[in-house]
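What follows is a short report on a single structure.
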Amino acid sequence: MTRKLYVKSYGCQMNAYDSQRMADTLAPEGFVETATPDGADLIILNTCHIREKAADKLYSELGRMRELKKQAADDGRRVTLAVAGCVAQAEGKEIVRRNSAVDLVFGPQNYHRLPGLLARAENGAVVDTEFPAEDKFDHLAAPSRAAMRKRGVSAFLTVQEGCDKFCTFCVVPYTRGAEASRPVAKILAEAERLADAGVREITLIGQNVNAYHGEGTNGRAASLTDLLYCLAGVPGIARLRYTTSHPLDMDERLIEAHRDLPALMPHLHLPVQSGSDRILGAMNRRHTAAEYLNVIERLRRARPDIAFSSDFIVGFPGESEDDFCRTLGLVSEVGYASAYSFKYSPRPGTPAAGMDQLPEAVKDERLQRLQHEIDRQLDAFNARSLGATLDVLFEKPAKRPGQIVGKSPYLQPVHVMDHVMASSSLIGEIHPVKIDHIGSFTLSGQLAEQYSMQDRRSLIVA
Ligand code: 5AD
Ligand code: SF4
């Protein structure tokens with residue numbers, strides 16, 4: 001009997017990856033994914049707790065789901081409602097207390113127990129937010145080849161989870177727990193399966209990915225650099241990326257890998273959060289602005305075309321106008337390809353939540369100024385691509401008929417008209433594209449000379 005599963009994923013890429021692995025684990029139980037909650041037999045909300053009113057948002061979403069569940073019951077259909085992710089971990093029993101329609105609450109470390117938890121939830125609400133001793137990755141089912149194919153040529157692969165850094169604003173060490181790295185052999189096997197299903201680009205993910213220290217194939221500890229070299233040898237894998245990194249863990253070997261490892265793409269997300277040493281100290285980032293800039297400089301020396309992105313928090317407790325101007329100064333000094341900026345949001349249980357808070361209006365105003373500068377830099381970065389020839393990994397047909405879209409090495413979306421045949425003929429391939437138009441978020445261009453229509457035709461005929 002097939003049953004329908006709807007998973008709604010909030011927040012980071014790790015949650016997106018977890019949602020896929022939950023679907024993979026439920027597939028052998030007869031669950032097939034659907035794109036909408038209507039008609040689903042099992043609804044999982046995979047929540048994020050990182051910013052803003054995460055819990056409030058969840059409770060209002062649960063209100064809507066309760067209605068949906070009631071309607072289904074009127075039609076004689078049982079819907080199971082589950083809450084996963086970091087809000088589930090943080091709120092636990094409170095979720096079931098506040099909304100009796102919820103059947104199951106489970107934290108990020110318990111996804112492998114999902115089939116058993118669902119069976120138990122048939123007899124009343126279940127809450128599981130323990131940090132179990134066993135490794136969930138050993139128990140989560142691998143995706144089927146068909147599922148991997150459907151997900152496309154670029155895939156995420158979790159290599160490390162949790163965080164021991166305890167930045168004073170961040171909830172992750174509490175919701176995801178201590179740092180834990182998966183063994184190289186397991187990651188390698190997963191990468192080989194992905195490559196076999198047509199994946200060409202893998203992004204290694206972890207909350208603190210460059211602190212990776214898993215067991216190597218020789219039994220000794222392997223670093224992220226060791227892991228990257230290992231994965232670069234997997235046939236079919238043409239591109240590697242990793243996210244999210246902490247500046248403190250950018251060691252020399254990893255920096256050199258950006259020079260020496262062709263598969264490693266020249267784009268790095270390296271959050272700095274603030275340009276003020278005083279605020280960096282209060283955030284417990286354990287580095288100064290100058291130390292961050294030094295890492296950037298060394299990376300640029302290793303790989304001159306490397307593009308950077310970052311996260312920034314504005315309005316952290318105690319941030320003065322002078323502190324904020326130092327952030328603006330750092331942004332102009334680095335010159336980012338893109339960046340995310342957030343207003344500080346107190347997370348219950350974290351040290352900064354107890355500090356004196358800034359007025360909302362101050363945060364709003366600073367956010368606008370920072371975003372303005374970031375937008376300007378994004379435009380400038382893209383403008384520099386005009387006339388350049390960039391290698392594009394084609395991912396999927398674009399919205400406009402006949403167009404396909406892929407990514408440049410610098411993570412820019414690039415649109416190309418595929419003159420040759422049906423628009424999917426280049427998907428999964430990497431070709432040079434001459435950029436002739438810059439849009440607000442994407443570039444577009446023509447396949448470069450060597451892949452002219454004629455060449456493609458003869459390639460296809462052959
Ligand atoms: N308030 C605002 N932004 C936050 N982030 C993490 N915690 C908070 C918070 N309490 C941002 C950081 C981090 C990104 C994932 O989210 O910039 O790098
Ligand atoms: Fe959100 Fe962080 Fe949890 Fe990811 S790990 S879901 S960003 S709180």
Side-chain angles (χ1 to χ4, degrees), residues 9-18 46-57 85-87 89-91 108 156 158 160-176 179 203 205-211 242-250 268-276 279-280 282-287 289 292 295 308-319 323-324 327-328 330-331 334 336 338-360 362-368 370-371 373-374:
S9 200
Y10 301 81
C12 64
Q13 289 133 345
M14 178 137 339
N15 264 13
Y17 175 88
D18 285 345
N46 192 7
T47 59
C48 171
H49 205 223
I50 196 97
R51 286 177 298 269
E52 290 154 279
K53 305 184 172 59
D56 295 350
K57 274 191 215 156
C86 296
V87 182
Q89 186 65 42
E91 295 269 301
F156 293 124
T158 294
Q160 175 279 339
E161 214 181 342
C163 183
D164 295 339
K165 294 275 189 299
F166 289 93
C167 299
T168 54
F169 54 80
C170 190
V171 79
V172 166
Y174 312 94
T175 56
R176 293 273 174 172
E179 251 177 39
T203 303
I205 53 176
Q207 267 97 23
N208 223 309
V209 75
N210 59 344
Y242 58 93
T243 196
T244 293
S245 297
H246 192 290
L248 269 189
D249 296 315
M250 268 337 281
L268 184 65
H269 184 59
L270 194 60
V272 62
Q273 316 296 353
S274 167
S276 153
I279 296 300
L280 287 170
M283 286 176 165
N284 190 32
R285 293 290 290 178
R286 297 188 265 168
H287 64 78
Y292 176 82
V295 173
F308 292 105
S309 69
S310 178
D311 294 335
F312 292 94
I313 296 179
V314 302
F316 185 82
E319 185 189 69
D323 292 318
F324 175 66
T327 299
L328 287 179
L330 181 141
V331 172
V334 174
Y336 288 100
S338 64
Y340 302 91
S341 46
F342 311 106
K343 283 194 288 183
Y344 171 69
S345 144
R347 306 286 74 210
T350 58
M355 301 176 187
D356 281 345
Q357 305 296 319
L358 292 189
E360 218 43 39
V362 173
K363 294 191 204 174
D364 283 330
E365 192 260 347
R366 288 184 188 162
L367 185 69
Q368 269 195 21
L370 179 58
Q371 275 175 349
E373 176 57 18
I374 289 170

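Read the numbers this way: they start at 1 and go in the same order the structure lists the ligands and their atoms.
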Problem set entry | Beyond-backbone contact of Ser245 with His269, side-chain heavy atoms, under 4.5 angstrom | no

For this session: Kindly confirm or rule out an N or O of Ser345 lying under 3.5 angstrom from an N or O of ligand 1.
Result: yes

For this session: Could you pull out, from Met283, His269, Gln273, the option with a heavy atom nearest to atom 12 (C) of ligand 1?
Result: Gln273

Exercise. Are the charged groups of Glu360 and Lys343 less than 4.0 angstrom apart, N to O?
Worked result: yes

Seminar exercise, completed: The answer for which part of Phe169 has a heavy atom under 4.0 Å from ligand 1 is both

For this session: Just let me know how Ile313 lines up against ligand 1, side chain, backbone, both or neither, with a heavy-atom cut-off below 4.0 Å.
Result: side chain

Problem set entry | Given Gln357, Met283, Met355, the one that forms side chain to side chain contact (heavy atoms under 4.5 Å, CB included) with Tyr344 | Gln357

Seminar exercise, completed: Paired with Phe312, the ring-ring contact (aromatic ring centres under 6.0 Å, His included) test is passed by just one of Tyr336, Phe342, Tyr292, namely Tyr336

Problem set entry | Check: Tyr174 ring centroid to Phe166 ring centroid under 6.0 Å | yes

Seminar exercise, completed: Under 4.0 Å from one or more heavy atoms of Tyr344, ligand 1 contributes atoms 1 (N), 2 (C), 10 (N)

